[in-house]
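In the text below, chain A, chain B and the rest are named by the order of the sequence lines, each starting its count at 1. All values reported here derive from a predicted model rather than from experimental measurement.
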Amino acid sequence: MIDIPKTYDPKEAERHHYARWEGRGYFAPEINKDPNAPAFCIVIPPPNVTGSLHMGHALQHTMMDIMTRHKRMLGYRALWLPGMDHAGISTQLMVTRQLKKEGLTRHDLGREKFVERVWKWKEEYGGQILNQLRREGCSVDWSRFKFTMDEDLSRAVREEFVRLYDEGLIYRGNRIVNWCPNDQTVLSDLEVLREPNQGKLYYLRYPFKNRDGAITVATTRPETMLGDTAVAVNPNDERYASLIGQTVILPIVNREIPVIADEFVESEFGTGAVKVTPAHDPNDYEMGMRHNLEQVNVIDRFARMTEEAGAEFAGLDRYKARELVLEKLEAAELLEKVSDYEFSISKCERCKTVIEPLISMQWFCRMDELRDLALAKLREDRKPQFVPQVPYEKVYGDWLENLRDWTISRQLWWGHQIPAWYTTKGEVIVARTRAEAEAKAGTSELTQDEDVLDTWFSSALWPFSTLGWPDETEDLKTFYPTSVLVTARDIIFLWVSRMMITGLKFIGQEAFHDVYVTGTILDKHGQRMSKTKGNGVDPLEVFDKYGVDATRLTLAQVGSTDTRWNEKQVESYRNFANKIWNAARFCLINGEMSVPGAVATGSGDPFEVNDRQTLPLHDRWILSRLNKTADAVNQQIDAYDFHAAVQELYHFFWDDFCDWYIELSKSTVTAESASPERDIARARLISILEQALRLLHPFMPYLTEELWLKLPIAHEQYLDAAYAGAEPTIMLASFLRADSSLIDDSAEAEMKAVIDLISRVRNIRSEMNIKPSDRIDLIIAAKANLKSVFSDSTDQIARLTRAKDISIDGTSEMPKAAARAVLAGGAEVAVPLEGLIDFAQERLRLSREKEKLEKEATKLETQLGNADFVQRAPAEKVEELRARVTDIAQRNAALDQMLEALS
RNA sequence: GGGCACGUAUGUCAAUGGUAGACGGCUUCCCUUACAAGGAAGAGGUUGGGGGUUCGAGUCCCUCCGCGCCCACCA
């Protein structure tokens, strides 16, 4: 007797399979020996080197692994390429913090030592997520693993920079940017958060130079007035028409500044007059450019006031300076009023420090021409194909249309240093290497630009830099464009758009055909999970508690809509895993063949017969169900409908296979003495289980491998042709493609009648309080077609209804003392209950049923009585309703007879 | 300020304009030798409110209520 535990232990299965798969190279596309195999490729969104696994990752990884395993089993040359992002700011902060504990700053170490230190940190603490990826069962090809700071990827980044610069798409300029005073770097617009802020609106009076009085301006940031170089009004504002061109005296500073007219000013807001600070406000900057205004920098990179702000302000923090400015204006009676005002404020996405807009020399990427590439691809070719298409296609398109230039330099040390050098004369040389720069410059006296590139500048190349670009490698030819990108919606702009753009620019083809956008997993209150809120659920703890496979099923069914985390759901899939385990246990316990050493399946298909109609009903039925399921699951995975696929598999395995097929086969399979019938039934049972495991594998890799290897079958025969000769593993077995010749609707209809009969009898047993141990008799009356179906299945019906004697007849007289039921299709069943039956109760039971039927009949008849419906609805719909009415009438008549017999 | 979603059983979610389902929970019975993480049988819904289009609406349109998300240069 085979010894298998009664409960599935996921940890046991998770322990050894992954290392075996990885060690034998199953994840690498090279395992595929079919030279004509179609390619399938997903590049993983590279997790940050500082990151550790959260639910969002687990969700995306599950979907990517399902798709990759599915395609691999179908014989595709499948590649899921893993990697990691150097995550500029995060990583630098992490190491800076570590240094702080030692009482050091990065400047104490110097750039070179600091960068060394970051690499050391990466080796020691970075990339925790990589082992977590293994735990999840992700079938990524580790031999192709890439880190964004690897030498080959860095080379790609320099290539990108040089090419764009040579085409004039990258430029260096002194412009207003988002500055984080805490991180001491510039940020792109996408790295800035807007947060609502309860602030104040201050009304300041600026006296006229050549006349009495003053003009009042409203501002939320009075300290910036020290850098004002104009006051602006709307040109159409009659109140101020006469003031345009006048000069006002800037209080405190006593600078003379003009009143200008600009369309930007909203007359309705505040006083209709705006102070203009070109050096510290993006709008004012634009206005300043339009009117040739002077830029006075009064705030520095530490958000402190500069010398230019005046001696008494220099060195003061911006908020301290605000107080002092207000104090002085108040004293001069130039502070007209202060009101409460809510407005949004810009903060650094990472450290939440309030952003200081200031003018700074930075590198920018011009986006108009590049954006047009992506827009044209979207409008003309519908690429990428977003899933779901609504709303993402529109969101992406709209964003592209309003795209502004991208600030790509960062004042960090960790990252790709900008490949630009300066000669002693201040000339700029952009080149791939220092040597190339020296050759271009004709001198070796060059200083490299201190800044590094935005992390997303390197991620933008991910789908092809990882495949070898700028070299024309085999991988690039085979796997680009990649098949699908799986991501959460928060990086559609930051990352997806930029990959599309660079892909089109450098390769001429879209980076991926499809973009599948997953939903978000929320906590049980519907809140986003976040570190700061501490409401996150750790996937690793869920793995420990319920197993990886159960967690994967839970995640797979999340799909594209936001879902609240529900641990009960994982528990129910844990139970499902256990169910599969026990079904397999049953098959294995009863898996021995009469010929010692024979395998259950291996010498051909155990269902192979000359005439399929000679197969028992339950065999024809399960083959039909299996193939329909395979068909559905293939389509659903291709359509990214993982939710439906999980439902399909769950119900096939539990309802069809366990509840019915195993039960219907049981008497033959468990027969005590060996016989050819027993062998064949056992082989068939194992064959269905084997195929079901293959269908389940992409979703539940560990459990299916664990069980599949235990099956008494000729494993090597099930490998996909592309993997012939490999050591057996279910992950290289052929994924089921539906065989339409095995789909048998009449078998399904007949089986439905049998199931209906058994259910009705069980219902009678339950309602009549018949003890499970009590055997009953059944009298069945049915027309010829069903009569033969029932008589072919009497043993099974008897077993499943716990009946001892069954008589089937077309016309037989039903005993009065019996509980009866009418089945769909007009058959009737009676359970004689001489001496046990309570006539009144039975009448009640039947009347209740009649009531239900009548209610439905009324509804249908009303609908059919509607001339408009009959006229306008499709004919088949009308026919369908008529057929149902007929069936109900038949059953009702039978119920009437039964009721009459009881009275 | 602009845009986009969502609201279905007690919970979490499904449902090409055509009989509203699944899982969990709940009730009753059963430790029937694959599985009590199980089996059998049940109960449970005016699909957030109101209006409209349609033969027919959870689904399409309008409106209100509720809860979210994204974008944005009114100081």
Tell me: [atom1] of [X] to [atom2] of [N], nearest whole Å?
X        : N     : atom1 : atom2 : answer
A:Asp189 : B:C70 : CG    : P     : 17 Å
A:His525 : B:G7  : NE2   : P     : 21 Å
A:Arg848 : B:A41 : CZ    : P     : 16 Å
A:Asn566 : B:U12 : CG    : C1'   : 5 Å
A:Asp523 : B:C67 : CG    : C1'   : 14 Å
A:Asn590 : B:U33 : CG    : C1'   : 10 Å
A:Leu689 : B:C35 : CG    : P     : 16 Å
A:Lys524 : B:U12 : NZ    : P     : 11 Å

What's [X] touching, base or sugar-phosphate or nothing? Going by heavy atoms closer than 4.0 Å.
X        : value
A:Lys275 : nothing
A:Glu648 : nothing
A:Tyr202 : nothing
A:Pro282 : nothing
A:Asp398 : nothing
A:Thr561 : sugar-phosphate
A:Arg404 : sugar-phosphate
A:Glu856 : base
A:Val276 : nothing
A:Tyr573 : nothing
A:Asp659 : sugar-phosphate
A:Glu268 : nothing
A:Cys587 : nothing
A:Glu266 : base

Can you figure out which of [options] approaches the side chain of [X] most closely?
X        : options             : answer
A:Ser759 : B:A41, B:C13, B:A34 : B:A41
A:His651 : B:A75, B:C23, B:C35 : B:C23
A:Arg489 : B:C69, B:C29, B:C35 : B:C69
A:Lys6   : B:C35, B:G24, B:A40 : B:C35
A:His643 : B:C13, B:C74, B:A22 : B:C13
A:Arg762 : B:C23, B:G38, B:A40 : B:A40
A:Asn763 : B:A41, B:C35, B:A43 : B:A41
A:Ala583 : B:U12, B:A34, B:G24 : B:A34
A:Pro772 : B:C30, B:A40, B:A75 : B:C30
A:Arg574 : B:U19, B:A22, B:A37 : B:A37

Can you check the distance between [N] and [M], where both ends of the measurement are the [atom1] atom (answer in whole Å)?
N     : M     : atom1 : result
B:U59 : B:G48 : P     : 8 Å
B:A57 : B:G52 : C1'   : 11 Å
B:A14 : B:G3  : C1'   : 28 Å
B:G44 : B:U10 : P     : 12 Å
B:G56 : B:C69 : C1'   : 34 Å
B:A9  : B:A43 : C1'   : 11 Å
B:C4  : B:C67 : C1'   : 14 Å
B:G39 : B:U54 : C1'   : 47 Å

Item to check | Nucleotide-level pairing of RNA chain B, given in dot-bracket where Watson-Crick and G-U pairs need both distances under 3.5 Å and | marks other strands | outcome: ((((.((...(((....[..)))..(((((.......))))).....(((((..]....))))))).))))....
Checklist entry - Mind checking whether A:Tyr573 and A:Tyr8 have ring centres under 6.0 Å apart? => result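 So the answer is no for these two rings.
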Checklist entry - Is any N or O donor-acceptor pair between the side chain of A:Arg884 and the base of B:U19 shorter than 3.5 Å? => result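 Check passes, donor-acceptor contact within cut-off.
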Item to check | Contact nearer the 5' end of RNA chain B, comparing A:Phe493 with A:Ala273 | outcome: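 The residue mapped nearer the 5' terminus is A:Phe493.
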Checklist entry - When you match A:Thr7 and A:Ala218 each to their closest nucleotide on RNA chain B, which lands nearer the 5' end? => result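 Nearest-nucleotide comparison on RNA chain B picks A:Thr7.
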Enclosure of [X] [atom1] (heavy-atom neighbours >12, cutoff 6.0 Å):
X        : atom1 : value
A:Glu876 : CD    : no
A:Lys771 : NZ    : no
A:Arg290 : CZ    : yes

Under a plain distance cut-off of 3.5 Å, with no hydrogens placed, do [Y] and [X] share a side-chain donor-acceptor pair?
X        : Y        : answer
A:Asn234 : A:Asp262 : no
A:Thr670 : A:Arg678 : no
A:Thr277 : A:Asp228 : yes
A:Ser687 : A:Glu690 : no

Item to check | Within 45° cone and under 6.0 Å: A:Lys200 NZ/CZ vs A:Tyr341 ring | outcome: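 Verdict for A:Tyr341: no cation-pi partner in A:Lys200.
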So, OP1 or OP2 of [N]: does either fall under 4.0 Å of a side-chain N or O from [X]?
X        : N     : answer
A:Trp399 : B:G2  : no
A:Lys666 : B:A34 : yes
A:Tyr341 : B:A75 : yes

Item to check | Audit row: A:Leu400, A:Leu403, side chain to side chain contact (heavy atoms under 4.5 Å, CB included) steps and yes/no | outcome: CA-CA 5 Å; A:Leu400 282 176; A:Leu403 197 47; 4.2 Å; yes
Checklist entry - Quick one: NZ on A:Lys579 to CZ on A:Phe657, what's the gap to the nearest 0.5 Å? => result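 CZ of A:Phe657 is found 10.5 Å from NZ of A:Lys579.
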Item to check | NZ/NE/NH1/NH2 to OD/OE distance under 4.0 Å, A:Glu567 and A:Lys524 | outcome: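 Judged by the 4.0 Å cut-off on N to carboxylate O distance, A:Glu567 and A:Lys524 do not form a salt bridge.
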